[in-house]
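Just the heavy atoms: all of them, side chains too, but no hydrogens, waters or symmetry mates, feed the values below. Note on naming: letters A, B, ... go to the chains in the order of the sequence lines (proteins, then strands), and numbering restarts at 1 for each one.
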Amino acid sequence: MYSNIAQLVEQGKKTSLPQVILEDEQELTQLPLEEIRETFRRRWQVMRESARRAMEEPQSMVGNLIRGQSQRQNVYSRGFTLSGESMNRMMAMAFSGSEVNAGMGRICAAPTAGACGILPAVLLEAAEKTGASEEALLDALIVAAGFGAVITKNATVSGAEGGCQAECGTAAAMAAAGAVHLAGGTPEMCAQACAIALMNCMGLICDPVAGLVQLPCSFRNASQSVNALTSADMALAGQNAVIPADEVIESMYQVGRKLPLEFRETALGGIAATETAKSIAGTIFGEH
Amino acid sequence: MNLSVFEVLGPVMIGPSSSHTAGAAKLARVAALIAGKPFDKVEFGLHGSFAKTGRGHGTDRALLAGAMGIREDDEALRDAFSLAEKAGLSYSFPEIDLPDSHENSARITFFHRDGTRTVVEGSSIGGGRIRINSIDGLAAGFSAEQPTLLIAQRDIAGVVSRIGTILASQGINIGVMRLSREARGKGAVTVLETDSPVPDSALEQLREAPGVLSVRLIDLNR
């Protein structure tokens with residue numbers, strides 16, 4: 001049993017992180033391990049599909065604020081880029097999750113619907129780099145879910161409670177830990193990656209234009225995927241976050257609690273409160 | 001951890017919002033199961049955030065889809081309006097005020113073909129989870145996460161113990177039990193959440209028990 005990252009890492013060193021997380025879930029649900037793994041497999045199927053769907057076909061949605069972003073980034077990734085083809089392809093996959101979600105398509109919340117693009121994009125890109133097998137990918141997903149469970153329990157993953165740092169930030173922290181595991185990093189490195197990713201977006205507010213889960217959500221899905229992958233690289237390089245992941249998680253929670261209501265999914269502050277955002281809201285909903 | 005990893009990695013749902021889309025669809029789907037008989041009109045009274053920000057999140061389509069039995073992870077949810085039209089189902093979404101209710105709440109009224117009505121009030125409480133607050137004005141308070149029995153009965157001595165005996169004889173453990181009634185000696189409703197599935201044989205025995213007026217099983221896994 002674990003109830004924080006330090007315990008998860010300690011136990012993971014003895015066996016492996018996926019095993020600790022699966023056995024913990026088994027103790028909670030009393031279900032056979034293979035059935036739990038099968039549920040992960042089915043959820044991963046949904047995640048994988050949502051990461052590819054909008055790359056191939058732009059999705060329609062209320063207001064169409066982010067329609068076509070995924071395909072655009074994907075096309076661009078094949079030509080000249082500053083950050084490289086794979087980074088751009090990963091952003092295209094993250095955009096895809098956001099587009100599918102906004103277009104009322106099928107997604108798997110991770111940890112929320114608004115942040116659903118990040119984890120599949122990062123794991124797919126990491127798997128591409130490492131040439132990981134399907135089972136290894138599933139293990140990485142399990143690691144990400146274990147880290148996410150700790151953050152959910154000890155902090156919050158609700159934008160209305162903790163801002164975007166709680167949604168996209170948590171998704172990035174989960175993805176960073178999963179990517180490190182996929183690349184063969186130690187449990188300790190997974191925790192470092194989780195801490196670094198959360199530090200990098202500490203204080204990020206939730207300010208959706210017109211209250212829709214589109215802007216700036218989709219850009220944050222793309223940029224937090226980058227945060228996750230680079231945090232994983234920093235951890236794999238041996239960088240030390242110095243502040244333990246559990247303390248970073250607690251500080252994220254405390255920052256969230258101090259965020260004014262305007263910055264917690266109410267569409268009353270930040271980007272949502274700009275003149276242009278208000279005008280967009282008026283056009284979509286006919287409000288003045 | 002006392003939290004399932006699938007609460008973090010999930011639910012699998014139709015976007016964009018677990019509370020305003022997936023939760024809304026599940027709420028209406030459970031409400032329709034509670035209503036339990038055909039209807040040709042349904043009214044969704046929207047309270048709080050459901051009324052204010054529901055439109056952008058497809059709350060209206062999700063509710064309507066759920067009422068038609070469409071699951072919260074089924075992309076048919078998107079086409080709820082045209083599917084309702086084809087089915088000859090009329091619907092409306094008035095804005096209402098439900099005092100002391102959760103921000104994401106609705107009062108769903110089913111107008112049955114036999115002229116009767118069923119009124120279900122419930123809330124989408126986050127992450128796609130729901131709570132049924134009342135049925136036809138009687139307090140309910142269940143999540144439908146577990147198999148749930150709704151038993152309408154006469155408010156007389158012995159009925160509750162008979163129900164308990166029947167379930168025990170089938171090896172079914174009761175997790176939560178709530179009894180509410182209109183007034184002493186009038187109609188009463190028992191809500192029972194069980195730890196395991198309820199077989200048809202148990203349902204038959206319950207229906208035949210003296211004092212029991214009707215039995216309905218809400219089991220989303222069946």
Side-chain angles (χ1 to χ4, degrees), chain A residues 1-3 8 21-22 24-25 27-29 36 39-40 42-44 46-47 50 61-63 98 100-114 116 119 141-142 144-153 157-158 160 170 174 208 210-214 217 266-267 281 284-285, chain B residues 1-26 48-65 70-81 102-104 124-129 145-146 195-196 221:
Chain A
M1 295 292 277
Y2 61 95
S3 57
L8 179 59
I21 295 160
L22 284 175
D24 200 85
E25 181 72 11
E27 192 163 329
L28 180 74
T29 60
I36 295 168
T39 304
F40 271 110
R42 283 201 306 271
R43 301 220 163 166
W44 174 244
V46 174
M47 297 174 96
S50 71
M61 64 214 59
V62 176
S98 289
V100 170
N101 182 55
M104 296 187 84
R106 186 186 294 113
I107 56 99
C108 178
T112 64
C116 74
L119 186 55
L141 185 68
I142 292 166
F147 276 78
V150 171
I151 301 174
T152 305
K153 188 168 159 280
V157 298
S158 154
T170 298
M174 292 166 64
L212 300 169
V213 193
Q214 295 185 33
C217 319
T266 53
I284 294 175
F285 297 124
Chain B
M1 291 296 293
N2 51 7
L3 174 87
S4 167
V5 284
F6 298 114
E7 289 204 25
V8 185
L9 214 67
V12 171
M13 53 170 271
I14 302 307
S17 161
S18 59
S19 55
H20 285 73
T21 321
K26 187 172 176 184
S49 175
F50 260 14
K52 287 187 212 89
T53 66
R55 273 180 302 173
H57 293 131
T59 302
D60 45 8
R61 278 188 274 185
L63 284 166
L64 185 59
I70 295 168
R71 292 180 55 93
E72 44 278 21
D73 61 353
D74 184 341
E75 291 195 349
L77 193 151
R78 271 196 276 207
D79 310 317
F81 293 138
H102 188 282
E103 268 294 289
N104 297 324
S124 171
I125 58 173
R129 290 182 296 275
E145 297 289 330
Q146 296 298 319
D195 290 344
S196 53
N221 295 317

When the side chains of residues 7-18 of chain B are checked against the rest of the protein, which donor-acceptor pairs come out under 3.5 Å, sequence neighbours left out?
unit_1	atom_1	unit_2	atom_2	d
B:E7	OE1	B:R129	NH1	3.2
B:S17	OG	B:S19	N	3.4
B:S17	OG	B:S19	OG	3.3
B:S17	OG	B:H20	N	2.9

Check each atom of [X] against the heavy atoms of chain B and say whether the ones under 4.5 Å are side chain, backbone, both or neither.
{"X": "A:I36", "value": "both"}
{"X": "A:V157", "value": "neither"}
{"X": "A:V100", "value": "neither"}
{"X": "A:I21", "value": "side chain"}
{"X": "A:I107", "value": "both"}
{"X": "A:M174", "value": "side chain"}

Which heavy atom of [X] sits nearest to which heavy atom of [Y], and what is that distance?
{"X": "A:A149", "Y": "B:V5", "answer": "CB-CG1, 4.4 Å"}
{"X": "A:V62", "Y": "B:G56", "answer": "CG2-O, 4.3 Å"}
{"X": "B:R55", "Y": "A:F285", "answer": "NH1-O, 3.8 Å"}

Relative to chain B, which of A:G105, A:A110, A:A145, A:A102 shows the most heavy atom pairs under 4.5 Å?
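Winner by heavy-atom pair count: A:G105.
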
Hey, which of A:R43, A:K153, A:Q214, A:M61 has the most heavy atom pairs under 4.5 Å with chain B?
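Among A:R43, A:K153, A:Q214, A:M61, the one with the most close pairs to chain B is A:R43.
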
Quick check: does any side chain N or O of B:R61 sit under 3.5 Å from a backbone N or O of A:M104, one acting as donor and the other as acceptor?
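Judged by distance alone, no pair lies under 3.5 Å.
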
Please classify the contact of B:S4 with chain A as side chain, backbone, both or neither, using a heavy-atom distance under 4.5 Å.
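Contact with chain A involves both backbone and side-chain atoms of B:S4.
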
With rounding to the nearest 0.5 Å, note down the distance linking CD in A:E27 to CE in B:M1.
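Separation between the atoms: 12.5 Å.
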
